Number of protein chains: 2
Amino acid sequence: MAIRDTGTEQLIKDTAKRIFFSEGKFNATTQDIADAAGVARTVINYYFRSKDTLFQQVLKDAMDDMKLRLDEVLLSKLPFKKKIVKFIDVFSTELSEYPYKETFMISEINAHGFVMPEKEPSKALQFFFNEIQQAIDRGEIRKMLPVNFMLNLFSLIAYPLLTRPLFKQMLEITDIKFEQLMHERKKIIVDMLFT
Amino acid sequence: MAIRDTGTEQLIKDTAKRIFFSEGKFNATTQDIADAAGVARTVINYYFRSKDTLFQQVLKDAMDDMKLRLDEVLLSKLPFKKKIVKFIDVFSTELSEYPYKETFMISEINAHGFVMPEKEPSKALQFFFNEIQQAIDRGEIRKMLPVNFMLNLFSLIAYPLLTRPLFKQMLEITDIKFEQLMHERKKIIVDMLFT
DNA sequence: ATATTGTTTGACATTTAAGTCAGACAAATA
DNA sequence: TATTTGTCTGACTTAAATGTCAAACAATAT
């Protein structure tokens, strides 16, 4: 049963990713996804059996993707500060494209007790924590638990992108203005993280 | 038609708030809410006509609530740094109880183009931005757009609480350990925000 | 060319959630 | 006590989303 790659399966996954992770429409229906992909709704069942299976596949893909990209930075041989700058850049780009990925995962966890595939804390993360500790010992960054440094890093990058629709409304900000803010932030974040 | 206050209406609202904002179950059904509140599903229709009306009421209540609490801090006569410390405390408490409130609002915005009631940027916020600018001029905090200072403040407090389930899984952290992290953070956040 | 087989579709069935309504119940009032 | 009136419930209706299936379609192989 050699498969005949029409690209449809990937198209559906990409479309789902866009709707869930980029547009933040967490309860989009299979019809919504099919329409957006320009295919009949039932092809989703053909390729993925059920909506839930599609969910899980898309989620797994997205996680593997991100892990790959982040690990590449975290494990790179750059000096600590340069690595952080690079990380901010890569993570910002990632989040600009898929701002709601984490939120979606959290909503899945809360709704269905979804647990992540991999158990052991990733090697890359362990390695990164060590580097953070060393930077603390050198006095490059404030004294704190390495995990808190990581939380700061993630927070400063992710939160504004995550809450963009809210702030756009609250502050009546245009998209261009928002991009400017985000650009200014990159420098600020580095300044705040390092002493 | 004098109403006979049985507390049911408030009970339903409180339950909905808990399910949506505390437990992060964004697509809970009316049945879920009714069960959790220990009432028949149809009382929701009796008191709120439709599920959507309940949504909007709960959302409005929550927003008014938060605005009230935050404005009280922002408009208080405390010196800038003390005000920030107080803000961190109040906002942390608020978010510990309802970590998913903002996320829920954002998902509503993304799904149905929901727009917030009040148009003009709130007085309190304007006032706060002025204070931030003054603190910048005094050299208390780094030079940046006041809105970016606010984003930093919000990010550092909110993001960890928002993504708690993810980090708990990724890092295999217990609730107690997490609380400790959050406690350490309060000091760190102040340190990071001020030069 | 024709058969084979993977892919796609539309009609139908099933399931699940939201909303309606008549009547039961209980608290206030006459 | 009897009546009124607000509150609550369960059975029913309607609406919407998921899933199944037989048949049509199209690419590849014989």
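Throughout, protein chains are lettered first and strands after them, A, B, ... in sequence-line order, and every chain is numbered starting at 1. If you're wondering where the values come from, they're calculated on a predicted model, not measured in any experiment.
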Would you please confirm or rule out a distance under 4.0 Å between OP1 or OP2 of C:dT8 and any side-chain N or O of A:Thr8? yes

d([atom1], [X]; [atom2], [N]) in whole Å:
X       : N      : atom1 : atom2 : value
A:Ile44 : D:dT18 : CD1   : P     : 8 Å
A:Leu54 : D:dA17 : CG    : P     : 16 Å
A:Asp32 : D:dA16 : CG    : P     : 13 Å
B:Ile12 : D:dT9  : CD1   : P     : 10 Å
B:Phe48 : D:dT7  : CZ    : P     : 12 Å
B:Asp5  : D:dG6  : CG    : C1'   : 12 Å
A:Asn27 : C:dT16 : CG    : C1'   : 15 Å

Salt bridge or not for A:Asp35 and A:Arg41, using N-O below 4.0 Å?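 Looking at A:Asp35 and A:Arg41, the cut-off is not met.
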
How many angstroms lie between atom CE of B:Met150 and atom CG of B:Asn152, to the nearest 0.5 angstrom? 10.0 Å

Look at the rings of B:Phe26 and B:Tyr100 and say which category their plane angle falls in: under 30° parallel, 30 to 60° tilted, over 60° perpendicular. perpendicular

Sorted by chain and number, sequence neighbours left out, side-chain contact (heavy atoms from CB on, under 4.5 Å) with A:Gln133 holds for A:Ile136, A:Asp137, A:Pro146

Sequence-distant partners of B:Arg69, side-chain contact (heavy atoms from CB on, under 4.5 Å), two or more places apart: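 Partners of B:Arg69 by the side-chain contact (heavy atoms from CB on, under 4.5 Å) criterion, ordered by chain and then number, come out as B:Asp65, B:Val90, B:Glu94.
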
Looking across every strand, which nucleic acid part, if any, lies under 4.0 Å from A:Tyr46 by heavy atom: base, sugar-phosphate, or nothing?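 Base contact.
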
When you measure from the side chain of A:Asp32 to the backbone of A:Thr29, do you find a donor-acceptor pair of N or O atoms at a distance under 3.5 Å?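 Yes, because the side chain of A:Asp32 sits within donor-acceptor range (under 3.5 Å) of the backbone of A:Thr29.
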
Just the table, please: protein N/O against nucleotides 19-21 of chain D N/O, every pair under 3.5 Å.
residue : atom : partner : partner atom : Å
D:dG19  : OP2  : A:Lys51 : N            : 3.0
D:dG19  : N7   : A:Arg41 : NH1          : 2.9
D:dG19  : O6   : A:Arg41 : NH2          : 2.6

